[in-house]
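Chain letters run A, B, ... following the sequence lines, proteins first and then strands; every chain starts at 1. In this text the structure is predicted, and so the values were computed from the model without any measurement.
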Number of protein chains: 2
Amino acid sequence: MALTAKGQATRRRIIEGAAAYLRSDGAGGVTLDDIRAITGTSKGQIFHYFPDGKDELFLAVARFEADRVLSDQQPHLGALTSWPAWERWRDAVVARYRAQGRSCPLGVLMNELGGTPGAQEVVSALVDQWQAHLRDGIAEMRQAGLVRSEVDADRTSAALIAGIQGGVQMLRSTGGVGHLEAALDTLIDHLRR
Amino acid sequence: MALTAKGQATRRRIIEGAAAYLRSDGAGGVTLDDIRAITGTSKGQIFHYFPDGKDELFLAVARFEADRVLSDQQPHLGALTSWPAWERWRDAVVARYRAQGRSCPLGVLMNELGGTPGAQEVVSALVDQWQAHLRDGIAEMRQAGLVRSEVDADRTSAALIAGIQGGVQMLRSTGGVGHLEAALDTLIDHLRR
DNA sequence: GATTTTCTGGACCTTCCGGTCCACTGTGGT
DNA sequence: ACCACAGTGGACCGGAAGGTCCAGAAAATC
């Protein structure tokens, strides 16, 4: 399938429009017709650019959103080399999810995609990269003597990931960022002492 | 709606059958027809016992499953008065979710119910009770001098809840209990030192 | 035993939604 | 100017799923 410049623009418009819709509304049932209406396209176009239909489109949107998750944490996430840097990262995460509110684009996409091959792969890749950054940060802090040497970078970064995920989930159901903050603060405090 | 003994039995059969189906399969799209087939009932019966249809039935199932979550952690969760007790509770949680595997009945129900009033209330009530048990446990440990007094029982219990939720979510997407264990162990270790 | 109420079964309806199809338009290459 | 192919619009289809309805069986009440 050869795409002209116009074609690429339309394809992007569909993906970004769908992503924006998910972010704003966060409603459960997202239909192709919703996306069609919002992006000002037609069924024909959607299936022209995503021949495998809904799954293929949603997977593309999921990849797009997954990228955003990490880039929204930069540059902090990539340079966790001092306590102030950790604090800035913590604040960036809290701010990002507070702004996102109850809606969770990736969550909606994952449950829409269900068992589709490739769906879990996207989230796995995201989590792996995320955790790797944290692990690197902890390792650097330890080498610099800022974190005591008994700390297991692997397990602690895994705990942080779990805490964040759970905190976000609590945000989805309660609307508050309290759990997210508690998890981040407690775990960073654990690193610190 | 007056229910005879037979009627109550059928009603329960529907709820428990649906719950068992969710637990075993964990598939995304659960339909009334699935439940009808599995519980050996008919559409007429489902709407007889749950006049508001799918939402009412699923809400009942959600309540049933939410009860299980806490009772599966007993008696450990109710008596977190020593470090061995905390360890037993930790093991019970890990075992419970390892057994549950990737399927997550409550998760499926919540996303099926979406924004239905009462749905988030069920999960909120569950989380509140859960966290209250942990908070009480931490408070008792502190009174007994087993936990240092600077520990904030509220925040630490919130962090534990977040860690567990996130760990379970990781279990759903990766199939492993590593994140759950890391979160529990790291946070309990934080209490301990 | 009669009657009223509950229980059960399943045919049927309606809506929604993903997906197909085809005709038409624009565009880029020669 | 022509032509091939990408882009666009929207009518239409088929199946799935929630929900309605009613007739008949079973059970409770008197």
Side-chain angles (χ1 to χ4, degrees), chain A residues 1-18 21-22 25-62 108-119, chain B residues 1-18 21-22 25-62 108-119:
Chain A
M1 190 173 58
L3 288 190
T4 67
K6 190 178 179 188
Q8 286 185 342
T10 302
R11 198 188 134 98
R12 277 187 46 198
R13 196 171 81 241
I14 294 174
I15 291 178
E16 292 176 12
Y21 176 64
L22 287 178
D25 185 316
V30 191
T31 71
L32 291 186
D33 236 48
D34 293 334
I35 295 174
R36 186 195 53 69
I38 283 155
T39 60
T41 51
S42 63
K43 276 276 183 69
Q45 297 179 68
I46 292 182
F47 282 86
H48 181 66
Y49 295 108
F50 305 93
D52 285 346
K54 198 186 180 187
D55 286 355
E56 187 181 356
L57 166 55
F58 280 21
L59 202 54
V61 177
V108 173
L109 288 168
M110 292 323 289
N111 89 42
E112 211 85 24
L113 288 171
T116 328
Chain B
M1 191 173 56
L3 287 191
T4 67
K6 191 179 178 187
Q8 285 185 343
T10 302
R11 198 187 134 97
R12 277 188 46 199
R13 195 172 82 242
I14 294 174
I15 292 178
E16 293 176 11
Y21 176 63
L22 286 178
D25 184 315
V30 190
T31 72
L32 291 186
D33 236 47
D34 292 336
I35 296 174
R36 187 195 53 67
I38 284 154
T39 60
T41 52
S42 65
K43 275 277 183 67
Q45 296 179 69
I46 291 182
F47 281 85
H48 181 67
Y49 295 109
F50 305 93
D52 285 346
K54 198 185 178 188
D55 285 356
E56 187 181 355
L57 166 56
F58 279 21
L59 201 54
V61 177
V108 172
L109 288 168
M110 292 323 289
N111 91 41
E112 210 85 25
L113 288 171
T116 329

Reported [atom1]-to-[atom2] distance for the pair [X] and [Y], which is rounded to 0.5 angstrom:
X      : Y     : atom1 : atom2 : value
A:F58  : A:L32 : CZ    : CG    : 6.0 Å
B:I46  : B:T39 : CD1   : OG1   : 5.5 Å
B:L109 : B:L59 : CG    : CG    : 9.0 Å
A:H48  : A:I14 : NE2   : CD1   : 9.5 Å

Residues forming a salt bridge (charged side-chain N to carboxylate O under 4.0 Å, His left out) with B:R13, sequence neighbours excluded:
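Listed in chain order: nothing, the list is empty.
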
For [X] and [N], give me the distance from atom [atom1] to atom [atom2], rounded to whole Å.
X     : N      : atom1 : atom2 : value
B:K6  : D:dA26 : NZ    : C1'   : 5 Å
A:R36 : C:dC16 : CZ    : C1'   : 14 Å
A:L3  : D:dC5  : CG    : P     : 16 Å
A:I46 : D:dG10 : CD1   : C1'   : 12 Å
B:H48 : C:dT6  : NE2   : C1'   : 5 Å

Starting at the 5' end of DNA chain D, which residue's closest nucleotide do you reach first, B:T4 or A:G40?
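Nearer the 5' end of the strand: A:G40.
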
Short side-chain N/O contact to [N] OP1/OP2 from [X], under 4.0 Å:
X     : N     : result
A:Y49 : D:dA6 : no
A:Q45 : D:dG7 : no
B:T10 : C:dT8 : yes

For nucleotides 12-20 of chain D, 5' to 3', base contacts (B), sugar-phosphate-only contacts (S) and non-contacts (-) with protein non-hydrogen atoms under 4.0 Å give -----SBBB

Query raised in the report: If you look at every heavy atom in A:F50 and A:R11, which pair is closest and at what distance?
Result: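 So the two residues come closest at CE2-NH1, 3.6 Å.
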
